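Report on the following structure.
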Number of protein chains: 2
Amino acid sequence: MRVTCHECALRACGLFKSVTAEELNSINAIKRDHLSAPAGAEIVRVGDDSPELYTLYSGWAFRFKTLPDGRRQILNFLLPGDLLGLQAAMFDAALHGIEALTEVQLCVLPRRQIWALFGQMPGLAFDVTWLGAREEGFVDENLTSVGRRSAVERVAALIVALYKRAEVLGLVADATFAFPLTQQHIADALGLSLVHTNKTLARLRRMGMFTRANGSLTLTNPRVLERIAQHFDDELPRRPLI
Amino acid sequence: MRVTCHECALRACGLFKSVTAEELNSINAIKRDHLSAPAGAEIVRVGDDSPELYTLYSGWAFRFKTLPDGRRQILNFLLPGDLLGLQAAMFDAALHGIEALTEVQLCVLPRRQIWALFGQMPGLAFDVTWLGAREEGFVDENLTSVGRRSAVERVAALIVALYKRAEVLGLVADATFAFPLTQQHIADALGLSLVHTNKTLARLRRMGMFTRANGSLTLTNPRVLERIAQHFDDELPRRPLI
DNA sequence: CGAAACGTTGATATCCTTCAACATGAGTGG
DNA sequence: CCACTCATGTTGAAGGATATCAACGTTTCG
């Protein structure tokens, strides 16, 4: 039972720009496989030297780096519609790992053919570049959290950001969405220790910001949570003029 | 005195893939301007809604975000050959600022025409995507520093990284290169306070890792500095080295 | 010369880490 | 059904890395 690009659920969300039928056929022609991996699977291993390009069709994953002594930094989280392995495909070697958070389904796009398609389908080239820029934006956002926000602000910002991304994908109902991260994942994404992450989460929970039940998270006070997160989307930021 | 793309100093460094004469003409045709800005100039302002795409021809710059209360995070540093404003051009609005660190010279590429060129020159599309992925790699690296490395490790990692980038561009002579960052820039890039950044720099200087003189930085012990950058080894002196 | 930007240093405060212990739930085999 | 283990989550206490505060030094430049 092969899923073709024509019936791709992701297109239905309006994630991609509209494409012509011809373009869709081209993509579908090179799509090599539609495979799935269990939670915890290593999708891209650091140092991988013949990486393919993937589209995350369903499930969650994350990109990460590991220091020689084992300290791990999660760079960002990947949700349906995201491109996996763009850097790896560009550099012929992966500089970071990618691991599945949940069971995932992936579309495999042989990268050599992708570059070839750039010539025939400028729109595709644009989309790939766009997705890359968008991902960099997420990393920027997370770097700002880790570098300049307090622990509470970081946790709040992460939850709000993931909530918003899930919302766009139609994964939110009743302010509730599936939240597959363990506290260790949150700690590694935010540059915090596990213990402090736990205490910070407990604090926000006691403040009535959210609740968790069987793998789902519910925002019980989105407005305040967003304010705690210190989001800059609201107003144009300025430096103090002393 | 208009500099054309044919005589571009950057091409000489082998930064770009080789292009055909025809492709070069196309690029040169749309290159709109070659302008310069003084140190401290805001090249891209947050919220800018008609941003152009730039190539940094000479000088240094940096991308940054600012929180509502003025805390600033520097996302990465930009050296000659880097693309400026890719995110902004993609999203029709800048989510971060870009400021000149030194006097800079910029090539202005009207973004609408760039997308149009994607169709005629798939190689250009590839280069743009490649530069985007490379920049994301830098942000990844910095996020790992800020999230999981100690202050000494972070400073060492930053200096080593900038040194290596300068080296590729031929800006290093005798282990020395122009280093236009103030301690405030370093602090904002590494998520540290100004005071602690100062003390950490002093410590590395006392350890004989580098020296500074009139705007230049010299690595006096690259091997050890690099080892510190990866992971601050416990066998190395940790105590204050008065 | 004076002002402003940048750098330096010590003292004190605090946020976060580390250590340690225990709780809870899922899976597994006896 | 129980005992066991392993992953995950929770909580208190103590220590440390970094922040903040305050003062002064140094350079640059009009």
Side-chain angles (χ1 to χ4, degrees), chain A residues 38-40 67 69-73 99 101-102 145-156 179-206 210-217 228 230 239-242, chain B residues 38-40 67 69-73 99-103 145-156 158 179-206 210-217 228 231-232 234 236-242:
Chain A
L67 294 182
D69 66 353
R71 285 175 284 181
R72 179 176 75 170
Q73 177 65 44
E99 188 179 316
L101 258 175
T102 66
S145 271
V146 175
R148 286 302 182 214
R149 286 197 250 242
S150 73
V152 205
E153 293 168 345
R154 285 181 223 183
V155 173
F179 192 84
L181 316 198
T182 68
Q183 297 188 347
Q184 186 66 64
H185 291 125
I186 300 178
D188 286 345
L190 300 182
L192 296 169
S193 72
L194 176 59
V195 174
H196 198 63
T197 300
N198 178 295
K199 288 173 179 171
T200 306
L201 283 167
R203 193 165 143 207
L204 283 170
R205 207 183 306 121
R206 270 188 241 107
F210 67 89
T211 60
R212 285 190 72 173
N214 44 40
S216 283
L217 189 149
I228 295 176
Q230 292 251 1
R239 289 213 89 191
L241 305 172
I242 313 217
Chain B
L67 294 183
D69 65 354
R71 285 174 285 180
R72 180 176 75 171
Q73 177 65 45
E99 189 179 315
L101 257 175
T102 66
E103 191 195 15
S145 272
V146 175
R148 286 302 182 214
R149 286 197 249 241
S150 72
V152 205
E153 292 168 345
R154 286 182 222 182
V155 173
L158 177 64
F179 193 83
L181 315 198
T182 68
Q183 297 188 348
Q184 184 66 65
H185 291 124
I186 300 178
D188 285 346
L190 299 182
L192 296 169
S193 72
L194 176 58
V195 174
H196 198 62
T197 300
N198 177 294
K199 288 171 179 170
T200 306
L201 283 166
R203 189 164 150 208
L204 284 169
R205 207 182 306 120
R206 273 190 236 106
F210 67 90
T211 60
R212 284 191 73 173
N214 45 37
S216 283
L217 189 149
I228 295 175
H231 160 39
F232 191 71
D234 275 341
L236 291 168
R238 301 184 109 257
R239 301 163 292 92
L241 308 167
I242 309 169

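Remember, predicted model here, so these are calculated numbers, not experimental data. A note on names: the letters A, B, ... follow the listed sequences, proteins ahead of strands, and every chain is numbered from 1.
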Report each atom pair, protein N/O against N/O of nucleotides 23-26 of chain C, whose distance is under 3.5 angstrom.
none

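- With A:Gln73 contributing its side chain and B:Ser145 its backbone, the two residues share no donor-acceptor pair below 3.5 Å.
- As rounded to whole Å, 11 Å separates atom P of C:dT17 from atom CG of A:Asp188.
- The two residues A:Arg148 and B:Leu67 make their nearest non-hydrogen contact at O-CD1, 3.9 Å.
- B:Ala100 approaches B:Pro38 most closely through the heavy-atom pair CB-O, 3.6 Å.
- One can place CZ of A:Arg203 at 9 Å from P of C:dC15, the figure rounded to the nearest angstrom.
- For the helix from C:dC1-D:dG30 to C:dG30-D:dC1, the axis fitted to the five pairs at one end and the axis fitted to the five pairs at the other end meet at an angle of 30° (nearest 10 degrees).
- Counting any heavy atom pair closer than 4.0 Å across all strands shown, B:Gly215 reaches no nucleic acid atom.
- Of the possible donor and acceptor atoms, none in the side chain of B:Arg149 sits under 3.5 Å from a partner among the backbone N and O of B:Arg154.
- Scanning all heavy atoms of the two residues, the minimum distance from B:Leu181 to B:Arg212 falls at O-NH2, 3.5 Å.
- Atom CG in B:Leu192 sits about 14 Å away from atom C1' in C:dC15, given to the nearest Å.
- Note: B:Arg71 CZ to A:Ser150 OG = 6.5 Å, rounded to the nearest 0.5 Å.
- Using a 4.0 Å heavy-atom distance criterion, B:Gly191 is classed as a sugar-phosphate-only contact.
- Among all heavy-atom pairs drawn from B:Ala187 and B:Thr197, the shortest one is CB-OG1, 3.2 Å.
- Atom pair B:His196:NE2 and D:dC21:C1' shows a separation of 16 Å (rounding to whole Å applied).
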Protein-nucleotides 7-13 of chain C N/O pairs closer than 3.5 Å?
unit_1 : atom_1 : unit_2   : atom_2 : d
C:dG7  : OP2    : B:Gln183 : N      : 3.0
C:dT8  : OP2    : B:Gln183 : NE2    : 2.6
C:dT8  : OP2    : B:Asn198 : ND2    : 3.1
C:dG10 : N7     : B:Lys199 : NZ     : 3.1
C:dA11 : N6     : B:Lys199 : NZ     : 3.4

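- Interatomic distance, OG1 of B:Thr102 versus CZ of B:Phe179, reported as 13.0 Å (0.5 Å rounding).
- Rounded to an integer number of Å, the gap from CG of A:Asp69 to P of C:dT18 is 11 Å.
- The two residues A:Ile228 and A:Ala156 have their closest heavy-atom pair at CG2-CB, 3.8 Å.
- Between A:Gly40 and A:Glu99 the shortest heavy-atom distance is O-CG, 3.6 Å.
- For the residue pair B:Thr182 / B:His185, a side-chain donor-acceptor distance below 3.5 Å is found, with atom types taken as modelled.
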